[in-house]
Enquirer: 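Before anything else, here's the structure in question.
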Amino acid sequence: MPGWPHTREGLIEEQLLLATLVPEPWLLEPSSRVGGVFVCFPRGPSGAGQAGDPAWAAACVGEETVVVTGYAGAAYEPGLLALREGELLEAAVRALTQPLDVLVVDATGRDHPRRAGLALHLGAVLDLPTVGVTHRPLGAEGKWPEDERGARSPLMLEGDLVGHWLCTRAGTRPLAVHAAWRTDPATACEVVLSTCHARTPEPLRRARRRAREARARNPGAQS
DNA sequence: GCGACAG
DNA sequence: ATCTTGTCGC
């Protein structure tokens with residue numbers, strides 16, 4: 001079963017393995033409970049950050065929200081984000097007591113040099129369908145869609161459709177929505193649109209707010 | 001001029 | 001992720 005290697009070599013190997021797995025496809029239903037998870041780090045100029053940086057992670061589903069604190073596992077490096085925040089995100093989701101059917105993560109999924117971004121990795125570890133949402137793609141490319149809620153355009157990586165640019169709200173920049181663990185690009189968009197009032201899907205928005213609130217209430221208390 | 005590769 | 005500045009709209 002997948003886990004969180006602590007070295008670059010180990011993670012790369014794990015990602016290559018994850019990319020070969022073919023989990024049962026998951027489909028969104030009206031009754032599906034959508035959760036979100038988000039992690040933040042200390043404010044201030046810190047570039048890519050460093051291993052050991054204090055971190056606050058929040059997860060939510062329905063009315064429940066939980067916050068856990070910990071430390072970054074590594075500095076940020078494109079393609080190796082799991083090394084920095086994988087374990088903490090998992091801890092936050094496991095702290096939830098209410099059940100969830102799908103999780104929205106601020107990371108890519110299939111859009112990754114080894115086709116196993118953090119959103120996909122987290123889903124495999126938790127055995128839970130996931131969807132990735134980021135401000136921009138990691139390696140995939142595609143032109144923006146029309147500025148109309150629900151409009152989407154393909155995000156392609158080496159000839160494969162790995163996600164979509166999705167306009168979640170007119171007048172705002174589109175979101176990069178990623179197929180991840182047990183989800184395809186179309187389902188990922190359905191999940192995001194079904195929970196979107198503002199630009200960001202509500203579960204992710206709430207998790208982000210709670211994580212930042214926790215940081216504000218406890219600044220530097222774990223440095 | 002360089003980089004423009006998730007967070 | 002975090003920063004910065006300004007603009008729009010409730």
Side-chain angles (χ1 to χ4, degrees), chain A residues 4 8 11-12 15 18-19 36-59 67 69-90 92-93 103-123 130-144 147 149 155-158 162-166 169-181 183 185 188 192 197-201 204-205 207-216 219-220 223:
Chain A
W4 305 109
R8 309 180 44 164
L11 175 59
I12 289 172
Q15 292 172 335
L18 287 168
V37 65
F38 181 91
V39 59
C40 66
F41 299 95
R43 307 186 53 165
S46 34
Q50 288 299 310
D53 287 343
W56 293 263
V67 177
T69 60
Y71 303 91
Y76 167 73
E77 201 173 327
L80 302 175
L81 185 57
L83 236 37
R84 181 167 173 77
E85 39 188 70
E87 291 187 316
L88 201 53
L89 292 178
E90 179 192 356
V93 177
L103 182 71
V104 180
V105 188
D106 56 319
T108 69
R110 243 80 227 196
D111 172 18
H112 183 276
R114 287 168 292 283
R115 309 304 179 103
L118 179 54
L120 183 148
H121 194 153
L122 182 61
T130 53
V131 166
V133 172
T134 60
H135 294 307
R136 58 178 188 273
L138 209 199
E141 298 180 342
K143 69 174 185 57
W144 280 14
D147 184 29
R149 187 180 194 279
L155 274 172
M156 307 294 292
L157 179 63
E158 298 172 345
V162 295
H164 287 290
W165 273 122
L166 177 66
R169 181 174 181 172
T172 66
R173 186 193 154 90
L175 249 39
V177 176
H178 309 267
W181 188 246
T183 56
V192 169
H197 297 54
R199 182 173 97 113
T200 307
L204 201 53
R205 200 179 171 208
R208 178 171 62 189
R209 181 158 54 85
R210 289 300 299 274
R212 288 175 172 170
E213 285 175 354
R215 177 182 61 186
S223 300

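Nothing here was measured: the structure is a model prediction, and the numbers come from that model. Convention: sequence-line order gives letters A, B, ...; per-chain numbering from 1.
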Enquirer: Using both pair distances under 3.5 Å as the test, note the stems of at least 3 consecutive Watson-Crick or G-U pairs that include DNA chain B.
Expert: none
Enquirer: Reading DNA chain C 5' to 3', what string of ( ), [ ], | and . shows its pairs, if Watson-Crick and G-U wobble pairs count only when both distances fall under 3.5 Å?
Expert: ..........
Enquirer: Looking at A:W165 and A:K143, what are the two nearest heavy atoms and their distance?
Expert: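 Shortest heavy-atom contact: CD1-O, 3.5 Å.
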Enquirer: Please confirm whether the backbone N or O of A:G79 pairs with a side-chain atom of A:Q15, one donor and one acceptor, at under 3.5 Å?
Expert: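 Yes: the side chain of A:Q15 pairs with the backbone of A:G79.
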Enquirer: Is there a donor-acceptor contact under 3.5 Å from the side chain of A:H178 to the main chain of A:R110?
Expert: no
Enquirer: Looking at A:D111 and A:A140, would you say the former's side chain and the latter's main chain have a donor-acceptor pair under 3.5 Å?
Expert: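 Here the side-chain-to-backbone pair exists.
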Enquirer: I'd like to know if the side chain of A:W56 reaches the main chain of A:V67, judged simply by a donor and an acceptor atom lying under 3.5 Å from each other, with no hydrogens or angles considered.
Expert: no
Enquirer: Give every residue pair that meets the salt bridge (Lys or Arg N to Asp or Glu O under 4.0 Å) criterion with at least one member in residues 171-181 of chain A, sequence neighbours excluded.
Expert: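 Pairs touching residues 171-181 of chain A that pass the test: none.
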Enquirer: Looking only at heavy atoms, what is the nearest atom pair of A:G49 and A:A75, with distance?
Expert: O-CB, 3.2 Å
Enquirer: Is a side-chain N or O of A:T130 found less than 3.5 angstrom from the main chain of A:L103, in a donor-acceptor match?
Expert: no
Enquirer: Roughly how far, to the nearest 0.5 Å, is CG of A:D106 from OG1 of A:T134?
Expert: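 Result: 9.0 Å between the selected atoms.
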Enquirer: At under 4.0 Å between heavy atoms, which parts of nucleotides 1-7 of chain B does protein reach? Answer with one letter per nucleotide, 5' to 3': B base, S sugar-phosphate only, - none.
Expert: ----BBB
Enquirer: Is there a donor-acceptor pair under 3.5 Å between the side chain of A:R210 and the backbone N or O of A:A59?
Expert: no
Enquirer: Classify A:R212 by what it touches in the nucleic acid, base, sugar-phosphate, or nothing, heavy-atom distance under 4.0 Å.
Expert: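 Sugar-phosphate: the residue A:R212, judged by heavy atoms under 4.0 Å, touches backbone atoms but no base.
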Enquirer: Holding to side-chain hydrogen bond (donor to acceptor under 3.5 Å, both in side chains), I want the full list of residues that pass it with A:E90, two or more places apart in sequence or in another chain.
Expert: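 So A:E90 forms a side-chain hydrogen bond (donor to acceptor under 3.5 Å, both in side chains) with A:W4, A:R94.
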Enquirer: Mark up nucleotides 4-10 of chain C, 5' to 3', with B wherever a protein heavy atom is under 4.0 angstrom from a base atom, S wherever such an atom reaches only the sugar-phosphate, and - elsewhere.
Expert: -------
Enquirer: Taking A:R169's backbone N and O only, do any of them form a donor-acceptor pair with A:R149's side chain (distance below 3.5 Å, no angle check)?
Expert: no
